Amino acid sequence: MFAVESSNVEKIIREFTSIHGLPDIPVQWNWIPFSGHWGLSTSLFALAAADARARNEKKNIPDYAINLADQLAKYLGTPPGFEKVEAVKGYVNLYFSTVEYAQRVIDSVIGQKANFGRAARKQEQIMVEFSQPNTHKSFHVGHLRSAILGDTLSRILDFAGYDVIRANYPGDMGLHVIKWLWCYINFHANEKPDKDITQWMGAVYAEASQRLEQNPLLESEIRALYKRWDERDPELVKLWEETREWSLQGFYQIYEALDIHFDRYYFNSQMEIPGKEIVQDLINKKIAIDERPDGAVIVKIDEILGLTKEKFRVFVALRSDGTALYATEDLALARQKFLDYPDLKLSLYIVDVRQSLHFQQVFKTLEIAGYEWAKKCEHIPYELVNLPGNVVMASREGTVVLLEDLMREATQRAYEVVQQKNPDLSEEKKLATAKAVGIGAIKYPMQSRENAKIVTFDWETALDFNGQAAPYIQYAFVRAGSILRKAGGTFDQSVTPEYEMTSQEIELVDVLSRFPREVERAAAEYRTLQIANYAYDLARKFNDFYTQCPVLYVDEPVKNARLRLVMATRQTIANSLTLLGITAPEAM
RNA sequence: GCCCCUGUAGCUCAAUGGACAGAGCACCGGACUUCUAAUCCGAUGGUUGAGGGUUCGAGUCCCCCCAGGGGCGCCA
């Protein structure tokens, strides 16, 4: 946002280094890290060290840097746009002309509204595959992380200028489905509940697992059923189609409730046959070794690459009985994406970390097979959502928290608070607020954490709406809206804040100005955390301002300037919440 | 055995290689006649798992340990 000013100063710095015969090294800009100081900062240590090296002299670098900083600060004087330049401990701090810049930032936000922070279109396509729920199983809190990370990342990438294609890849065929069908045929024929269907699907699957565990001899029945599927037995296919639809309808409802949408659905059942074709091709090309019927079809990747250390190991591409594995299907899926979207710049897979080796194998095998796009495939791993005591959520163990239960509890809890805080709201608004708060509270913890860190789910934390959580941010938005509503009017006229701004105001404007850069970084590093933390930071700065700076009860010109600051803040909170897929309610 | 991840305040987590390692929760003490107290203010809390190295500068990069978690031929 201050590119013109910083590059202007960079030019002066280059003059300075050239006059003194110092090395020409790139200038690194930071924010001045102390609260209440708004401006740009750079350190002279790197320059001092580089110069000492170039002259081959032993120097006390910190002293030299302090010296250089003093000289540079003097040389810079006060460049246009800044009101003060200071050398501090080897750093040079340039303080913005507060009034002028505050006006610029606020005007920029209010002028661009929902587009503040949005980058220009890059004309580049990125596919983000996420969620991959298994049909015929329950949808639990563990499945939520991929869905939320993928959705949020898609929103961020879109905002950062990419054309995002959101792909879902439900697991609608595989051993788990065969087990489910076996259990249904034998113990639940013709049943279908009229509500909580996803939950019921999950219960039947858990029952199937249990029965098989108790009597391992039944495995042969499963194999026989898989064979029937592979031969596309019409009766079985019909039952599969029907029951699969039950699961899918349940998923669509969940996505709707979470405000998560997809452009494209791929199903792994569609990838079985093309996957087998690719495997045959790998065999023909002597990349894969067909050990059937005694063994599977495998690719000895390390051997092909001539690696001495184990890295990609042995990739199993097809079962010994010729039925497809997930691996088989992933080969075809990767190709299908590029057949459908030949211009994809990147094909991202938001899948949990346990499958890292699997994806390395798939992508490397495709690369070996000569598919050039294989290098554009990238796995974005994330850690699991566990239960306290590091217990993994697993449908077959029954150690799960169902998503439906969590959403119901969270919205219920939120409703109780609204009821208590704001009894006069219409029932409709209370429900809408409860939903916004409940869903936001569920999403935020998954976004505000490093992907590589495990999320431990416990009810108490999940339903705690205080502190660093979505409701805090939503509340700041509500407070801002409330001030504007009471003030009335639109405040469209740009105003120069002709008064001594408080540190709370300056810090708030500072945070506002950082939003575009945060978006850029979040997109470049696939970090939803960046935006989640930013939104919280912004809300916190607004709350500081709110408690310290009266808006409606001050005289002009302060009032009008503050109203515009409130307006800009409300807009930026809204924009960051939109990126997080969290609804900003009007009242709470 | 090989590979990957994690280790920061009592707990959960932050911190583009940069200045004084910050938040929330919990605990203790305060603030509603004032723009919504789902808020705010204050206090307490640290050998960043250990040790080396690189660097002007390391929580961050490299090496080696320790601890925990995960992956490693027909599960997904």
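Just so we're on the same page: letters track the sequence lines, and every chain starts at 1. Quick caveat, the model's predicted, so the values are computed rather than measured.
- Taking 4.0 angstrom as the limit, A:R479 places a side-chain polar atom (N or O) nearer than this to OP1 or OP2 of B:A37.
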For this session: Apply ring pair (Phe, Tyr, Trp, His ring centres under 6.0 Å) to the pair A:Y382 and A:F130, showing each step before the final yes or no.
Result: CA-CA 11 Å; A:Y382 63 88; A:F130 60 102; over 10 Å; no
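- Look at A:D302 and A:K311 and you find no salt bridge, because none of the NZ, NE, NH1 or NH2 atoms lies under 4.0 Å from a carboxylate O.
- Counting non-hydrogen atoms under 4.0 angstrom, A:L384 reaches nothing in the nucleic acid.
- Geometrically, A:R564 does not engage A:F491 in a cation-pi contact defined by less than 6.0 Å to the ring centre and at most 45° from the axis.
- For the P atoms, the distance from B:U44 to B:C4 is 43 Å, rounded to whole Å.
- Note on A:R521: only backbone sugar-phosphate atoms sit closer than 4.0 angstrom, heavy atoms only; bases stay farther off.
- Residue-level contact check: A:Y536 touches the backbone only, with heavy atoms under 4.0 Å from sugar-phosphate atoms and none from bases.
- A:R313 has no side-chain polar atom (N or O) that falls below the 4.0 Å cut-off from OP1 or OP2 of B:C72.
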Problem set entry | Full working for side-chain hydrogen bond (donor to acceptor under 3.5 Å, both in side chains) between A:Y226 and A:D321 | CA-CA 10 Å; A:Y226 214 137; A:D321 65 2; over 6 Å; no
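- One C1' atom belongs to B:G24, the other to B:A14, and the distance between them is 10 Å to the nearest Å.
- Rounded to whole Å, the separation between the C1' atoms of B:G18 and B:A58 comes to 10 Å.
- Taking the six-membered ring where the residue is Trp, A:F457 and A:W459 present perpendicular rings, their angle passing 60° and hence far from 30°.
- Of the candidate nucleotides B:C56, B:U36, B:G69, B:C56 has the atom lying nearest to any side-chain atom of A:A49.
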For this session: Could you walk me through whether A:N543 and A:R479 pass the side-chain hydrogen bond (donor to acceptor under 3.5 Å, both in side chains) test, one step at a time?
Result: CA-CA 9 Å; A:N543 275 328; A:R479 281 177 143 184; 2.6 Å; yes
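- Ring geometry for A:W31 against A:F2 counts as perpendicular: the plane angle is over 60°, on a 0 to 90° scale with 30° as the lower cut.
- Between B:C56, B:G70, B:U36, one nucleotide has an atom nearer to the side chain of A:A46 than all others, and that is B:C56.
- Between the side chain of A:E518 and the main chain of A:I531, no donor-acceptor pair closer than 3.5 Å is present.
- Stem analysis of RNA chain B (Watson-Crick or G-U pairs, both distances under 3.5 Å, runs of at least three) returns B:1-7 with B:66-72, B:10-13 with B:22-25, B:28-31 with B:39-42, B:51-53 with B:61-63.
- Here A:Y472 reaches the OP1 or OP2 of B:C40: one of its side-chain N or O atoms lies under 4.0 Å away.
- Taking the side chain of A:V316 as heavy atoms from C-beta on, and the options B:C35, B:A19, B:C74, the nearest nucleotide is B:C74.
- Contact annotation for A:W29: base contact, defined as any heavy-atom pair under 4.0 Å involving a base atom.
- Within residues 322-333 of chain A, the residues having any heavy atom closer than 4.0 Å to RNA chain B are, in order of number, A:L325, A:Y326.
- Among the protein residues, A:L175 comes within range of the sugar-phosphate backbone only, with heavy atoms under 4.0 Å from sugar or phosphate atoms but none that close to a base.
- Considering only the side chain of A:H358, B:A76 comes nearest among B:A76, B:U36, B:C35.
- For A:Y169 and A:F267, the gap between ring centers reaches or exceeds 6.0 Å.
- Minimum atom distance to the side chain of A:S320 is reached by B:C74, of the listed B:A14, B:A76, B:C74.
- Between B:U6, B:C40, B:U12, one nucleotide has an atom nearer to the side chain of A:R449 than all others, and that is B:U12.
- Nucleotides B:G7 and B:A50 have their C1' atoms positioned 12 Å apart, rounded to a whole Å.
- Remark: aromatic rings of A:Y475 and A:Y546 are distant, center separation not under 6.0 Å.
- Using a 4.0 Å heavy-atom criterion, one finds that A:D321 contacts no nucleic acid atom at all.
- Atom name C1', nucleotides B:C64 and B:C72: the rounded distance is 24 Å, in whole Å.
- For A:S41, whose side chain is taken as the heavy atoms from C-beta onward, the closest listed nucleotide among B:C13, B:A19, B:A76 is B:A19.
- Looking at the side chain of A:Y91, the nearest of the listed nucleotides B:C2, B:U36, B:A19 is B:A19.
- Within the nucleic acid shown, A:D544 comes within 4.0 Å of sugar-phosphate atoms alone, with no base atom in reach, counting heavy atoms only.
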For this session: Walk me through it: do A:D230 and A:T323 pass the test side-chain hydrogen bond (donor to acceptor under 3.5 Å, both in side chains)?
Result: CA-CA 7 Å; A:D230 230 33; A:T323 55; 5.5 Å; no
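- Base engagement by A:Q355 is indicated by at least one non-hydrogen atom pair under 4.0 Å involving a base atom.
- Side chains of A:D464 and A:T461: a donor-acceptor N/O pair is absent below 3.5 angstrom, by distance only.
- Of the candidate nucleotides B:U36, B:G24, B:U39, B:G24 has the atom lying nearest to any side-chain atom of A:Q468.
- Residue A:V297 is classed as having no contact, given no heavy-atom separation below 4.0 Å to the nucleic acid.
- As judged by a 4.0 angstrom heavy-atom cut-off over every strand, A:R53 is placed among residues touching the sugar-phosphate backbone only.
- One finds no side-chain N or O of A:R292 lying less than 4.0 angstrom from the OP1 or OP2 phosphate oxygen of B:C74.
- Ring pair A:H136/A:W180 is perpendicular by interplanar angle, where above 60° counts as perpendicular and below 30° as parallel.
- For the P atoms, the distance linking B:U33 with B:G59 amounts to 48 Å, nearest Å.
- Counting any heavy atom pair closer than 4.0 Å across all strands shown, A:D302 reaches no nucleic acid atom.
- A:S356 places a side-chain N or O within 3.5 Å of a backbone atom of A:V353 that can act as its donor or acceptor partner.
- Contact annotation for A:N134: backbone-only contact, meaning every heavy-atom pair under 4.0 Å involves sugar-phosphate atoms and none involves a base.
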I'd like a list of close polar pairs between nucleotides 31-33 of chain B and the protein, N/O only, cut-off under 3.5 Å.
none

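- Going from the C1' atom of B:A15 to that of B:A37 covers 30 Å, rounded to whole Å.
- Aromatic ring centroids of A:F45 and A:Y91 lie under 6.0 Å apart.
- Among the protein residues, A:Y553 comes within range of the sugar-phosphate backbone only, with heavy atoms under 4.0 Å from sugar or phosphate atoms but none that close to a base.
- Heavy atoms of A:A480 sit nowhere under 4.0 angstrom from any nucleic acid atom.
- With B:G73, B:C56, B:U36 as the choices, the nucleotide that has an atom nearest any side-chain atom of A:Y475 turns out to be B:U36.
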